[in-house]
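Computed from a predicted model, the values in this text were never measured in an experiment.
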Amino acid sequence: MAASGMFKLSFFLSLLSHLNLGLWPQTHSSLAIFPPSCNSIECPSFDTIEIGNGYEVRRYNSSEWISTSPIQDISLVEATRTGFLQLFEYIQGKNKYEEKIEMTAPVLSEVSPSDGPFCESSFVVSFYVPKKNQENPPPAEDLHVQKWKTTYVAVRQFSGFVSDNSVGEEAAALKASLAGTVWSAAIEKSHAADHTSVYTVAQYNSPFEFDHRVNEIWLSFNLEDGVAV
């Protein structure tokens, strides 16, 4: 248990160092690798539906995530830091059951962008609930459980360290790579129908990992009956 606690604290301090600094160089590219963090901590499972030019389409099975209330900020980095602090306290036992919960990856930041560069955007930060807690996630004040049905996401991977400047560029690149595909039409329709966030940023790595870093931009969507997958 002590070793587990030290690992969680190390991961926590690492992420906070990354979020506070944001000074490391960026190296962006479209990747197709399994996030190394998922070899040591639990990540949600998925099926790959298609790998295209600059994108991957995945299907995630039904699952539960613990999420913050919307955080208003002009910075993804700062909003993720704020949300992560709440979620870290939650998995350390600040919940109704006073139960400690294992760390998972990725940390998701759902982004609903503002209308201008100097206006606050809305962010919801989430952790995947481990399998052993999926049936009954501990409730907590100011946090809520998101219950995912089967969910499809279009994904673009990129390396380096996430910054406020990089995420918008990567989201735009994902949308461009999907243009003209059946997935683009499904994303547009889903976002218009249920007002989902415009995109999600998934972060997997500690800032002390300089090589083989994996971050992702997600665009979630539903599929109409009759669409072949």
Side-chain angles (χ1 to χ4, degrees), residues 1-24 35-45 60 63-112 120-148 161-164 166-167 197 199-210 213-218:
M1 293 296 293
S4 175
M6 287 298 294
F7 174 80
K8 290 177 181 176
L9 181 59
S10 175
F11 189 95
F12 166 68
L13 293 175
S14 295
L15 183 58
L16 287 189
S17 295
H18 170 201
L19 295 175
N20 282 329
L21 292 175
L23 299 176
W24 300 102
S37 299
C38 297
N39 291 318
S40 57
I41 57 178
E42 187 177 342
C43 298
S45 60
Y60 285 87
S63 59
E64 298 198 355
W65 299 68
I66 192 74
S67 303
T68 67
S69 299
I71 299 167
Q72 307 303 314
D73 206 307
I74 61 172
S75 168
L76 165 80
V77 170
E78 290 302 320
T80 302
R81 177 181 180 276
T82 298
F84 186 86
L85 284 168
Q86 297 177 46
L87 294 168
F88 185 78
E89 289 181 343
Y90 171 82
I91 66 173
Q92 286 298 292
K94 189 176 179 181
N95 54 65
K96 185 175 181 180
Y97 304 156
E98 298 183 349
E99 179 180 357
K100 290 191 175 182
I101 298 170
E102 291 299 319
M103 179 73 72
T104 64
V107 176
L108 297 185
S109 299
E110 299 173 86
V111 184
S112 297
E120 290 184 339
S121 297
S122 181
F123 305 89
V124 175
V125 185
S126 302
F127 271 149
Y128 171 67
V129 176
K131 289 180 181 177
K132 69 177 184 178
N133 303 104
Q134 286 274 318
E135 290 188 6
N136 188 25
E141 186 176 355
D142 297 326
L143 299 175
H144 65 279
V145 174
Q146 286 196 50
K147 296 183 178 182
W148 286 21
F161 288 82
V162 172
S163 71
D164 290 331
S166 67
V167 291
S197 61
Y199 61 87
T200 297
V201 181
Q203 299 187 57
Y204 290 89
N205 298 91
S206 155
F208 302 125
E209 298 174 54
F210 292 95
R213 294 188 62 82
V214 179
N215 312 295
E216 295 173 342
I217 298 292
W218 291 7

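Every side chain to side chain contact (heavy atoms under 4.5 Å, CB included) that N136 has, sequence neighbours left out, goes to Y97. Evaluation of the side chain to side chain contact (heavy atoms under 4.5 Å, CB included) rule for P70 yields Q72, S122, V124 as partners, not counting sequence neighbours. Partners of T68 according to the side-chain hydrogen bond (donor to acceptor under 3.5 Å, both in side chains) rule, which considers only residues two or more places apart in sequence or in another chain, do not exist here. Taking Y128 as the reference, W65 meet the ring-ring contact (aromatic ring centres under 6.0 Å, His included) condition, with sequence neighbours excluded. Residues that satisfy the side-chain hydrogen bond (donor to acceptor under 3.5 Å, both in side chains) test with Q134, not counting sequence neighbours, are absent from this structure. Not counting sequence neighbours, E99 has no partner by the salt bridge (Lys or Arg N to Asp or Glu O under 4.0 Å) test. In this structure S69 satisfies the side chain to side chain contact (heavy atoms under 4.5 Å, CB included) test with no other residue, sequence neighbours excluded. Every side chain to side chain contact (heavy atoms under 4.5 Å, CB included) that A202 has, sequence neighbours left out, goes to P106, L108, Y204, E216, W218.
Among all heavy-atom pairs drawn from T200 and E110, the shortest one is OG1-CG, 3.6 Å. Across V162 and V77, no two heavy atoms sit closer than the pair O-CG2, 4.3 Å. Nearest heavy atom pair, residue T80 against residue S109, reads OG1-OG, 2.8 Å. Annotation for S126 and S67: closest pair OG-OG, 2.6 Å, computed over non-hydrogen atoms. Across all their heavy atoms, M103 and I41 have their closest contact at O-CB, 3.9 Å. Closest non-hydrogen pair, F123 versus A79, comes out as CD1-CB, 3.4 Å.
Counting heavy atoms from C-beta outward, L143 and L87 have side chains that approach closer than 4.5 Å.
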Derivation of the side chain to side chain contact (heavy atoms under 4.5 Å, CB included) call for V125 and I71: CA-CA 8 Å; V125 185; I71 299 167; 4.3 Å; yes
Evaluation steps, side chain to side chain contact (heavy atoms under 4.5 Å, CB included), between E64 and Q146: CA-CA 6 Å; E64 298 198 355; Q146 286 196 50; over 6 Å; no
Verdict with supporting geometry, T104 and V129, side chain to side chain contact (heavy atoms under 4.5 Å, CB included): CA-CA 7 Å; T104 64; V129 176; over 6 Å; no
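Of the possible polar contacts, one joining the N95 side chain to the Y90 backbone as a donor-acceptor pair under 3.5 Å is found. With hydrogens and angles ignored, the 3.5 Å screen pairs a side-chain donor or acceptor of E42 with a backbone N or O of K131. Proximity of a side-chain donor or acceptor of D164 to a complementary backbone N or O of L76 within less than 3.5 Å is detected.
Separation of the F84 and F127 ring centroids falls under the 6.0 Å cut-off.
Taking CG of N133 as the start and NZ of K100 as the end, the distance is 14.0 Å to the nearest 0.5 Å.
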